[in-house]
Amino acid sequence: MINISFPDGNVKQFEDFPDGVVVAKSISEGFARNCVAMEVDGKLLDLSRTIDRDAGVRFITSRDPEGLEILRHSAAHVMAEAVLKLYPDAKLTIGPTVEHGFYYDIDMPPISEDDFPAIEAEISKIIKEKKPIVRREAPKSEALALYANEPYKLEMISALEDGTISLYTQGIFTDLCRGPHVPHTGFIKAVKLMKVSGAYWRADPSNPQLQRIYGTAFFDKKELADYLNFLEEARKRDHRKIGAALDLYSFHDEAPGMPFFHPNGMAIWNALLEYWREEHRSAGYVETKTPIILNRSLWETSGHWENYRDNMYTVVIDDIESAIKPMNCPGGMLLYKMSRHSYKDLPLREGEIGLVHRHELSGVLSGLFRVRAFHQDDAHIFMTPDQIESEILGVLRLVDRMYSTFGLGFHLELSTRPAKSIGSDEQWAAATNGLTSALNAYGADFKINEGDGAFYGPKIDIHIKDAIGRTWQCGTIQLDMSLPERFDLSYVGADNDKHRPVMIHRVIYGSIERFLGILVEHFSGKFPLWLAPVQVVVLPINDDLAPFARELHQQFETAGLRSSVDDRSESLKKKIREAQLRQIPLIITAGEKERDQNTLSVRTLDGKVRFGIAINVFIKDAMENIKARKLALDMFSD
RNA sequence: GCCGACGUAGCUCAGCUGGUAGAGCACUUCACUCGUAAUGAAGGGGUCCCCGGUUCGAGUCCGGGCGUCGGCUCCA
């Protein structure tokens with residue numbers, strides 16, 4: 001007799017040792033059909049496993065994230081079987097799940113996406129057969145014998161403890177696997193191969209090149225279709241495409257990874273910085289600027305010369321070795337050290353929009369998202385140890401305010417002390433407690449990444465969520481126990497003794513280039529009025545009205561709107577089409593009626609047209625919308 | 001950096017097994033003067049990424065370089 005308790009608090013008794021299916025059926029037949037696996041006392045197991053003692057059981061269904069992961073792992077096995085059928089000489093290595101699907105690394109001749117349909121057809125066959133996926137445990141000797149011709153599997157089995165080896169079989173295909181898996185292949189209702197790329201066994205280039213085949217799988221076809229739509233939507237929003245179409249920025253072979261900003265891009269850039277300065281001024285920050293080339297001795301003091309050299313651009317001028325800064329902090333240290341600081345001056349919040357260069361590997365460059373030259377909206381806050389909590393809280397509130405302005409949600413992650421670190425246990429405890437209590441005071445949930453902090457201190461990362469649900473890490477708040485030490489920073493306390501200040505680095509946009517790219521994708525090029533590169537365009541309906549249109553344009557510019565006028569001798573329809581494609585939020589058509597009545601007709605990006613709007617009212621409403629940095633163009637009362 | 005694909009007009013792309021480069025859009029000019037998503041006609045525009053090789057002949061084949069894109073953390 002054993003007792004099995006469920007998450008809802010219910011407890012059921014069973015006579016013999018039941019397997020998962022029996023327990024699930026005790027809830028209901030229908031429920032049992034939807035179960036893919038179970039969690040027994042926190043461990044994920046196949047439904048076929050028996051439960052031989054009192055335990056807490058939670059069933060995993062297609063609705064649980066774990067369920068999808070298990071499904072994808074099973075799908076990886078099915079794909080492996082399909083590949084082996086078509087390529088009998090292929091040697092399997094590993095096939096894990098990844099964020100949006102799974103892959104399997106297979107030692108086989110190179111294949112391309114053209115080979116996918118054939119593999120997918122085999123996969124479909126296996127799925128249709130609803131083959132049971134059966135687990136069994138095997139002694140090491142047997143497993144070794146079974147995989148005599150599979151060098152990679154042999155290598156893996158050799159590294160495993162005898163008695164811990166499990167095999168999963170579907171039909172005639174057996175794979176070494178920890179599991180768990182779905183009960184039969186029929187659970188995989190939708191599967192699609194996504195791409196193939198090269199990979200190395202154990203990620204080591206000296207090992208043989210493998211084919212990594214990526215796929216994704218879902219419990220139903222609609223979910224797959226939704227996912228493919230999402231990819232398509234993301235593709236349409238690609239900031240590299242939109243950036244070119246809207247004439248925002250460009251990239252050139254002459255400076256790989258270093259973006260060129262065009263006038264339209266700079267309009268957004270400047271709007272972002274203007275906003276940043278406004279928020280920071282009112283949050284008690286001052287702004288500084290430090291050089292981008294600093295000599296070697298500074299980088300030796302900071303430790304970058306030793307630890308970050310591979311990523312730094314270096315120059316020798318007049319026999320003096322220097323580096324182009326990859327980070328702003330060392331310059332900030334020098335500024336701090338210029339004068340004696342009293343505890344009364346702290347916290348000192350110094351912001352810097354700093355241009356940094358980092359030599360990223362050529363293969364990782366990607367539009368504005370991964371560049372070699374970028375600006376950080378950096379700030380260094382110097383404070384006394386007992387100010388940690390309130391300062392971190394202040395940064396969190398600033399982050400909250402700023403991201404909200406863009407309609408970006410976010411979540412927080414705390415990273416704690418890593419294995420390799422500097423500083424004492426007490427320092428780490430104080431620092432980590434400071435961050436934790438600030439997070440608690442701020443009041444939002446946060447995730448903890450144990451051991452993921454920097455060697456010099458714990459940190460809080462801020463992950464934003466864009467309009468289509470993708471997350472990006474932008475902001476970060478890092479406590480630094482290294483640089484104040486290396487640069488021997490101090491302040492004079494109330495006791496008239498020297499003390500070491502605590503320092504944090506923090507960014508909110510992160511990289512302004514990257515943040516701008518994220519905004520392009522977030523808004524899909526349809527910026528709110530305050531960010532739009534061109535806010536209003538005036539279109540005369542014919543050449544006779546061009547002077548009136550130019551007059552309006554002048555009036556808008558004088559009022560502070562980013563305005564343009566399209567007085568080409570083209571048809572009105574054509575000019576409207578182009579203005580729409582350029583995503584200009586306010587399109588003004590200037591005709592006789594407007595000129596005679598001193599009003600405007602305003603077309604917005606949704607295609608709606610409002611007539612008879614008084615010019616001064618239009619300007620006032622637009623300026624108010626911009627000043628409030630509204631997300632919506634809510635300047636019309638209807 | 002490594003693996004793969006790609007690099008042709010300002011943009012998007014076509015160009016078969018090697019035979020002197022093409023479309024649409026954009027641009028220029030002319031005509032049209034237009035009331036809410038493309039007026040028409042004519043014209044200009046190319047070191048086919050760069051360097052080297054094979055060949056009577058290379059955008060096309062071969063080698064090297066540069067750049068772009070995707071992948072390179074996920075461990076049976």
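Letters A, B, ... are given to chains in the order of the sequence lines, protein chains preceding strands, and every chain is numbered from 1. Keep in mind that what you see is a predicted model, and the values were worked out from it rather than measured. The basis for the numbers below is simple: all heavy atoms, side chains too, and nothing from hydrogens, waters or symmetry mates.
Relative ring orientation between A/H77 and A/H181 is described as tilted, the plane-to-plane angle lying within the 30° to 60° band. A tilted orientation is assigned to the rings of A/F369 and A/H239, their planes being inclined by 30° to 60°. Aromatic ring orientation, A/F230 versus A/Y227: parallel (interplanar angle below 30°, classes split at 30° and 60°). Below 30°, between 30° and 60°, or above 60°: for A/F260 and A/H252 the angle between ring planes is above 60°, a perpendicular geometry.
For A/E69, the CD atom counts as loosely surrounded, since its 6.0 Å shell holds 12 or fewer non-hydrogen atoms of other residues, nucleotides or ligands. Taking a 6.0 Å sphere around NZ of A/K465, one finds it holds 12 or fewer heavy atoms contributed by other residues, nucleotides or ligands. For A/K131, the NZ atom counts as densely surrounded, since its 6.0 Å shell holds more than 12 non-hydrogen atoms of other residues, nucleotides or ligands. By the neighbour-count criterion of 12 heavy atoms within 6.0 Å, atom CD of A/E99 is sparsely surrounded, having that number or fewer from other residues, nucleotides or ligands.
With both ends at atom C1', the span from B/U39 to B/U33 equals 11 Å, rounded to whole Å. Between the C1' atoms of B/U8 and B/G22, the separation comes to 10 Å (whole Å). Separating the P atom of B/G7 from that of B/G59 is a span of 15 Å, rounded to the nearest Å. Separation of the P atoms belonging to B/G64 and B/U47 is 27 Å when rounded to the nearest angstrom. Atom name C1', nucleotides B/A58 and B/A21: the rounded distance is 13 Å, in whole Å. Separation of the P atoms belonging to B/G43 and B/G24 is 12 Å when rounded to the nearest angstrom. Comparing the C1' positions of B/U60 and B/U17 gives an interatomic distance of 11 Å, to the nearest angstrom. Rounded to the nearest Å, the gap between the P atom of B/G57 and that of B/A41 is 44 Å.
Here B/A41 sits opposite B/U29 as a Watson-Crick or G-U wobble pair (both hydrogen-bonding atom distances under 3.5 Å). Nucleotide B/A9 forms no Watson-Crick or G-U wobble pair with any nucleotide shown, as no partner meets the under 3.5 Å limit on both distances. If you check B/G4 for Watson-Crick or wobble pairing at under 3.5 angstrom, you find it paired to B/C69. Look at B/U17: it lacks any Watson-Crick or wobble partner with both distances under 3.5 angstrom. Under the Watson-Crick or G-U wobble criterion, with both distances below 3.5 Å, B/C74 has no partner in any strand shown. Using the Watson-Crick or G-U wobble rule with both distances under 3.5 Å, B/G46 pairs with nothing in any strand shown. In this structure, B/G63 and B/C51 make a Watson-Crick or G-U wobble pair, each of the two defining distances being under 3.5 angstrom.
Remark: C1' of B/A37 and NZ of A/K608 are 17 Å apart, rounded to the nearest angstrom. Look at CD1 on A/I94: it is 12 Å from P on B/C72, rounded to the nearest Å. Put simply, CH2 on A/W201 is 13 Å from P on B/C75, counting in whole angstrom units. The distance between atom NZ of A/K573 and atom C1' of B/C32, rounded to the nearest whole Å, is 16 Å. The nearest whole Å value for the distance from the CZ atom in A/R595 to the C1' atom in B/G35 is 14 Å. To the nearest angstrom, P of B/C34 lies 17 Å from CZ of A/F548. Distance CG (A/D566) to P (B/C34): 17 Å, rounded to an integer number of Å. Straight-line distance from the CG atom of A/L92 to the P atom of B/C75: 18 Å, rounded to whole Å.
The residue A/F102 sits apart from the nucleic acid: no heavy atom pair falls under 4.0 Å. Note on A/E594: a base of the nucleic acid sits closer than 4.0 angstrom, heavy atoms only. Within 4.0 Å (heavy atoms only), A/K153 reaches sugar-phosphate atoms of the nucleic acid but no base atom. No contact: A/L539 has no heavy atom under 4.0 Å from any strand. Counting any heavy atom pair closer than 4.0 Å across all strands shown, A/T164 reaches a base atom. A/L160 comes within 4.0 angstrom of a nucleotide base, judged by non-hydrogen atoms across all strands.
Taking the ring centre of A/F218 as origin, the terminal cationic atom of A/R72 falls inside the region bounded by 6.0 Å and 45° from the ring axis.
Summary of the strand contacts: A/H359 and A/N542 both lie near RNA chain B, and taking for each the nucleotide with the nearest heavy atom, the more 5' one is attributed to A/H359.
For the residue pair A/S48/A/D46, the side-chain donor-acceptor check at 3.5 Å is not satisfied.
Interface remark: the A/D544 side chain does not form any donor-acceptor pair with the B/U33 base, using a distance-only criterion of under 3.5 Å. For B/U39, the base has no donor-acceptor partner in the side chain of A/S571 [N/O atoms by modelled type, under 3.5 angstrom].
Counting only heavy atoms from C-beta on, A/L361 has its side chain closest to B/G1 among B/G35, B/U36, B/G1. Considering only the side chain of A/R577, B/A37 comes nearest among B/C74, B/C34, B/A37. Between B/A37, B/G35, B/C74, one nucleotide has an atom nearer to the side chain of A/P96 than all others, and that is B/C74.
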*At under 4.0 Å between heavy atoms, which parts of nucleotides 63-71 of chain B does protein reach? Answer with one letter per nucleotide, 5' to 3': B base, S sugar-phosphate only, - none.*
----SSSSB
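With hydrogens and angles ignored, the 3.5 Å screen pairs a side-chain donor or acceptor of A/R372 with a backbone N or O of A/E360.
Shown here are the side chain to side chain contact (heavy atoms under 4.5 Å, CB included) partners of A/K593, two or more places apart in sequence or in another chain: A/Q597.
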Dump every N/O contact between nucleotides 24-31 of chain B and the protein below 3.5 Å, one line per pair.
{"unit_1": "B/A26", "atom_1": "OP1", "unit_2": "A/K574", "atom_2": "NZ", "d": "3.4"}

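The six-membered or imidazole ring of A/Y214 lies away from that of A/H100, with a centre-to-centre distance of 6.0 Å or more.
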